[in-house]
**Q** 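The following block contains the structure, expressed as structure tokens.
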Amino acid sequence: MTAQSFSSLGPCIEACATDGSRLVVTTFGGQVLGWNTPDGRERLFVSATATTAGGQAIRGGVPVCWPQFSGQGPLPKHGLLRNRDWSVLTNDIDGDGRARVALRCEADAVTRAQWPHAFAATLVATVGGDTLELALTVRNTDAAPFSFTTALHGYWRVAELADVSLHGLEGHAFRDFTGTAGEAAGAPSAAALRFGPETDRVYADAPQPLTLDTGHGRLAFLQAGFTDTVVWNPGAERAAAIGDLEVDGWRRFVCVEAARIAVPVTLAPGAAWTGTQTVRALD
Ligand SMILES: O=P(O)(O)OC[C@H]1O[C@@H](O)[C@H](O)[C@@H](O)[C@@H]1O
């Protein structure tokens, strides 16, 4: 497979670990766009028609949703950071030969106009071996407490959606956000999760690890600080209304998102919170 070009999606950083695994990150949205394991396989999906035109968020990779998940609050969908310019803090190789990129985004006039609080958000992405590690840290740099919900909204590449299964959520209750009636209680199933029509679920206090059988290798997901997991795929019908998703693109990804939604995080002045998601390619 020819490596996808991200040149139209803002200034990109390409970082290579000593074992050949590779990370591509853009400062627009502080978004990881590419993750290659040492075998050269790309594990993330970015829509071929993704664009930042008009300040729109990039469709794919790992968008950072903060301080509001989805439309669950008064702010723009998925919050304020996925279309802000982040700055590069570090781009280096750690003591284990892993490539590490750290990006930061702080409150500015645009975020203050929508949400009055001062904050500093840092995303550290590290690749090496079979693993991608993502750590989101938020510090309250204000004089008053604030609360937030959040998610790392990863679009994990799959070969063909109809063949994909997600394991580890069997028997677990969820909130279902499909349909037009808003949120509903979803019935737990004893079977692994399969995909077809739209899937839009929030599993509170989610079990782990989860394993996604992508059809070109299994991915195992672990998380800490993030208590909840979101599973999303738009299905054919909703995908048709998503302007920046390539034709049939919905068949090429599943979002498995490390999230904190059911019980928001509240930070006192000066306090910080960190959530991590670790994704390991099992084969
Ligand atoms: O199209 P957007 O704004 O990137 O959001 C995509 C999806 O993101 C998911 O996390 C939500 O659960 C869905 O409800 C939402 O549709």
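When a residue number appears, it is its place in the shown sequence, counting from 1. Whatever order the structure lists them in is the order used to number ligands and atoms, beginning at 1. Being a predicted model, the structure only gives us computed values, none of them experimental.
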**Q** Using 30° and 60° as the class boundaries, would you call the ring planes of Tyr203 and Phe174 parallel, tilted or perpendicular?
**A**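 Tilted.
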**Q** Between ligand 1 and the protein, give all atom pairs where both partners are nitrogen or oxygen and the distance is under 3.5 Å, as lines of names plus distance to 0.1 Å.
**A**
from: ligand 1; atom 1: 1 (O); to: Arg59; atom 2: NH1; distance (Å): 3.1
from: ligand 1; atom 1: 1 (O); to: Arg59; atom 2: NH2; distance (Å): 3.1
from: ligand 1; atom 1: 3 (O); to: Lys77; atom 2: NZ; distance (Å): 3.3
from: ligand 1; atom 1: 3 (O); to: Arg82; atom 2: NH2; distance (Å): 3.0
from: ligand 1; atom 1: 4 (O); to: Arg59; atom 2: NH1; distance (Å): 3.1
from: ligand 1; atom 1: 4 (O); to: Arg82; atom 2: NH1; distance (Å): 2.9
from: ligand 1; atom 1: 5 (O); to: Lys77; atom 2: NZ; distance (Å): 3.2
from: ligand 1; atom 1: 5 (O); to: His78; atom 2: NE2; distance (Å): 3.4
from: ligand 1; atom 1: 8 (O); to: His78; atom 2: NE2; distance (Å): 3.1
from: ligand 1; atom 1: 8 (O); to: His153; atom 2: NE2; distance (Å): 2.7
from: ligand 1; atom 1: 10 (O); to: His153; atom 2: NE2; distance (Å): 3.0
from: ligand 1; atom 1: 10 (O); to: Glu257; atom 2: OE1; distance (Å): 3.2
from: ligand 1; atom 1: 10 (O); to: Glu257; atom 2: OE2; distance (Å): 2.9
from: ligand 1; atom 1: 12 (O); to: Asp200; atom 2: OD1; distance (Å): 2.6
from: ligand 1; atom 1: 14 (O); to: Asp200; atom 2: OD2; distance (Å): 2.5
from: ligand 1; atom 1: 16 (O); to: Lys77; atom 2: NZ; distance (Å): 3.2
from: ligand 1; atom 1: 16 (O); to: Arg238; atom 2: NH1; distance (Å): 3.3

**Q** Stepwise, does the side-chain contact (heavy atoms from CB on, under 4.5 Å) test hold for Phe146 with Phe119?
**A** CA-CA 9 Å; Phe146 62 66; Phe119 64 86; 4.0 Å; yes
**Q** Suppose the criterion is side-chain hydrogen bond (donor to acceptor under 3.5 Å, both in side chains): which pairs have a residue in residues 211-222, not counting sequence neighbours?
**A**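 Listed by first then second residue: Arg218-Asp283.
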**Q** Do we get Arg252 above Phe45's six-membered ring, with its NZ or CZ under 6.0 Å from the centre and within 45° of the axis?
**A**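 No - Arg252 does not lie over the ring of Phe45 by the 6.0 Å and 45° rule.
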**Q** Tell me whether Val230 shares a hydrophobic cluster with Phe226, the cluster being built from Ile, Leu, Val, Met, Phe, Trp, Tyr side chains joined at under 4.5 Å.
**A**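 No; tracing contacts between hydrophobic side chains, which count when under 4.5 Å, never links both residues.
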**Q** With a 4.5 Å heavy-atom cut-off, do Leu166 and Val164 have their side chains touching?
**A**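 No, side chains not in contact.
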